[in-house]
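To start, the structure under review is shown below, and the notes come after it.
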Amino acid sequence: MAYRWKNDLTEAAVTPKHIYMNRRQWIAGAAAGLGLAGVGGAARAQENDLEPNDWDDITSYNNYYEFGTGKDDPARYADRLTIQPWTVKIDGMVDRPADYAFEDIMAKMTIEERLYRFRCVEAWSMVVPWNGFELADLLNMAGVQSGAKYVAFETVLRPDEMSGVQFPVLDWPYVEGLRLDEAMHPLTIMATGIYGRDMPNQNGAPLRLVVPWKYGFKSIKSIVRITLTDKEPATSWNKANPREYGFYSNVNPTVDHPRWSQATERQIGGGLFAPRIPTKMFNGYEAEVASLYDGMDLTKNF
Amino acid sequence: MDRFNTLVRRIPTAAIYILCAVPAPWLFYLGVTGGLGAEPIKALERELGEIALQLVVAGLAITPLRRYVGLNLLKFRRALGLMAFAYVALHLAVWLILDVQIVAQIWADIIKRPYVTIGMVAFLLMIPLAATSNNYSVRKLGRKWRQLHKLTYVVAILGAIHFIWLSKGFQLEPLIYLSVILGLLMLRIRPQRRKQAA
């Protein structure tokens with residue numbers, strides 16, 4: 001069931017734009033000199049401007065609290081994580097529960113490129129050219145049983161390799177969950193690479209979830225376990241602060257985080273004078289996913 | 001320790017002002033040239049806020065250092081306090097101009113977000129302190145000056161709570177700041193006068 005969703009972007013759009021970015025930085029600097037704050041990144045604010053962030057931004061600005069809470073901590077410390085060998089336990093309400101080796105999964109899956117917006121709950125965003133396969137294909141490989149309603153995910157927990165877990169920033173291991181229809185949606189992928197290269201450790205190697213219409217923390221990294229269940233699974237941020245982080249966590253500019261507005265966001269890569277741009281409902285994927293939530297009060301089910 | 005104090009007396013306060021002022025333009029330069037990472041606005045905002053908090057801590061350390069170590073750095077306290085105020089003002093300016101940008105949202109944030117409210121209150125409380133950090137005010141206000149400047153204790157605690165509250169999850173660093181600040185304040189509580197017992 002690969003290729004169920006297509007971008008209207010061409011391959012040429014997914015090119016690292018180092019030179020372009022450098023020039024942008026220079027313009028931003030020049031604008032600062034002239035006292036024209038805000039001019040440098042104005043081009044960013046335009047609609048349909050889905051230009052991927054460059055490799056350095058995507059791989060140096062990460063939230064992966066198992067390696068520390070600083071944005072640069074994952075890039076600095078995640079190389080300690082051993083990602084070979086890697087197995088994913090798929091269990092619960094499936095026909096073929098097993099420990100699936102990463103290589104075996106890759107051999108059966110169709111890897112495609114997905115250029116997605118990525119919106120963090122902290123009100124910043126990127127555009128990332130992921131490589132990966134549809135989660136539906138993996139779940140179908142294990143055989144989803146008819147009673148299953150939810151999918152639970154778990155991140156690897158290795159205190160020897162993850163210095164950040166010594167302190168209980170969150171209740172480790174990191175866990176996440178989706179409703180089954182969200183998990184089976186063609187937009188939902190298991191990403192295994194970026195820009196055609198293997199997934200860097202700091203971005204969740206060797207495989208991670210990407211659900212582009214939800215806040216980034218739903219897209220759980222370095223997955224070791226997937227459990228099909230009939231009950232809504234616990235999710236890490238919801239456990240840590242249920243008032244601030246709901247199970248759904250769909251990108252929604254009209255529902256604020258209690259501590260900050262979600263109406264706007266700042267795209268990473270715009271430099272010191274990057275403007276805020278309006279956040280789109282479902283992160284711009286409203287046409288594809290809004291029907292999943294028909295009749296639901298999204299203010300209550302935030 | 002006396003030799004130390006003699007040495008300290010030779011250091012002009014201007015040196016402290018200059019030393020404390022250097023990081024601000026340097027950080028701004030780094031932000032413009034990409035040296036603060038992929039998201040320089042938040043990085044700059046955070047760095048300026050943290051330096052402000054560190055200067056507040058340094059200012060609070062002066063009395064205990066004199067009392068328990070015998071090290072007299074009193075002549076630098078005004079510089080530390082004024083520079084802390086300057087960094088809070090810069091931190092606020094970055095938040096207003098570069099971070100939030102939208103006027104309606106700035107006001108909404110101040111009112112609706114408790115951690116912003118607390119930060120704002122701490123800043124406002126610092127204004128009378130900065131305004132009276134001069135010899136004229138000390139002379140003019142006399143005893144009242146000492147009373148007024150005890151607001152620093154409130155400002156320090158509010159600053160640490162602001163840091164704890166804005167952090168996601170249960171983080172160690174802001175808790176360390178609060179512990180150090182509370183510790184420094186506790187050192188100010190004089191033990192019960194022994195004279196009465198004797």
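Letters go in sequence order (proteins before strands), and every chain restarts at 1.
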**OP:** Verify the neighbour count for atom NZ of B:Lys75: are there more than 12 heavy atoms of other residues, nucleotides or ligands below 6.0 Å?
**Re:** yes
**OP:** Report the option among A:Tyr245, A:Trp124, A:Tyr65 that has the most heavy-atom pairs separated by less than 4.5 Å from atoms of chain B.
**Re:** A:Tyr65
Subject >> Atom NZ of B:Lys144: over 12 foreign heavy atoms under 6.0 Å >> reply: no
Original post:
Would B:Leu172 and A:Gln166 count as a side-chain contact (heavy atoms from CB on, under 4.5 Å) if you check the C-alpha gap in whole Å, the side-chain angles of each, and the deciding distance to 0.1 Å?
Top reply: CA-CA 11 Å; B:Leu172 188 58; A:Gln166 287 160 6; over 6 Å; no
**OP:** Please flag which part of A:Arg259 lies under 4.5 Å from any non-hydrogen atom of chain B: side chain, backbone, both or neither.
**Re:** both
Subject >> Interchain contact, A:Ser261 with chain B, by part (heavy-atom threshold 4.5 Å) >> reply: both
**OP:** Could you tell me how the ring of A:Phe167 sits relative to the ring of B:Phe170: parallel (under 30°), tilted (30 to 60°) or perpendicular (over 60°)?
**Re:** parallel
**OP:** Evaluate the side-chain contact (heavy atoms from CB on, under 4.5 Å) criterion for residues A:Asn63 and B:Lys168: first the C-alpha distance (whole Å), next the side-chain angles of each, then the deciding distance (0.1 Å), finally the verdict.
**Re:** CA-CA 11 Å; A:Asn63 278 330; B:Lys168 271 171 68 204; 4.1 Å; yes
Subject >> Side chain / backbone / both / neither for B:Gln105 at chain A, heavy atoms under 4.5 Å >> reply: side chain
Original post:
Between A:Lys71 and B:Glu39, is the closest basic N to carboxylate O distance under 4.0 Å?
Top reply: no
Original post:
What closest approach, in Å, do A:Gly271 and B:Pro40 show between heavy atoms, and which atom pair accounts for it?
Top reply: C-CG, 3.4 Å
Original post:
Checking heavy atoms, do the side chain of A:Glu244, its backbone, both or neither come under 4.5 Å from chain B?
Top reply: neither
Original post:
So, for A:Tyr61 and B:Ala38, which heavy atoms are closest and what is the spacing to 0.1 Å?
Top reply: CB-CB, 3.8 Å
Subject >> B:Leu36, part contacting chain A, at a heavy-atom distance under 4.5 Å >> reply: neither
Original post:
So with a 6.0 Å cut-off around CZ of B:Arg66, is the heavy-atom count from everything else above 12?
Top reply: no
Original post:
Taking B:Asp99, B:Leu44, B:Val116 one by one, which has the highest count of heavy-atom pairs under 4.5 Å against chain A?
Top reply: B:Asp99
Subject >> Which of B:Val94, B:Asp109, B:Val100, B:Ile102 touches chain A most, by non-hydrogen pairs under 4.5 Å >> reply: B:Val100
**OP:** Please look at A:Trp260 and chain B and tell me whether the side chain, the backbone, both or neither of the residue comes under 4.5 angstrom of a heavy atom of that chain.
**Re:** both
Original post:
Quick one: does B:Arg113's side chain get under 4.5 Å of A:Asp256's, heavy atoms only?
Top reply: yes
Original post:
Does CG belonging to B:Asn5 count more than 12 external heavy atoms closer than 6.0 Å?
Top reply: yes
Subject >> Rounded distance [0.5 Å steps], CD1 in B:Ile41 versus CG in A:Leu272 >> reply: 6.0 Å
Without placing hydrogens or testing angles, list every side-chain donor-acceptor pair under 3.5 Å for residues 84-92 of chain B, not counting sequence neighbours.
residue, atom, partner, partner atom, Å
B:Tyr87, OH, B:Cys20, O, 2.5
B:Tyr87, OH, B:Ala24, N, 3.1
B:His91, ND1, B:Glu45, O, 2.8
B:His91, ND1, B:Gly49, N, 3.4

Original post:
So do the side chains of A:Arg266 and B:Gln101 get within less than 4.5 Å of each other, counting heavy atoms only?
Top reply: yes
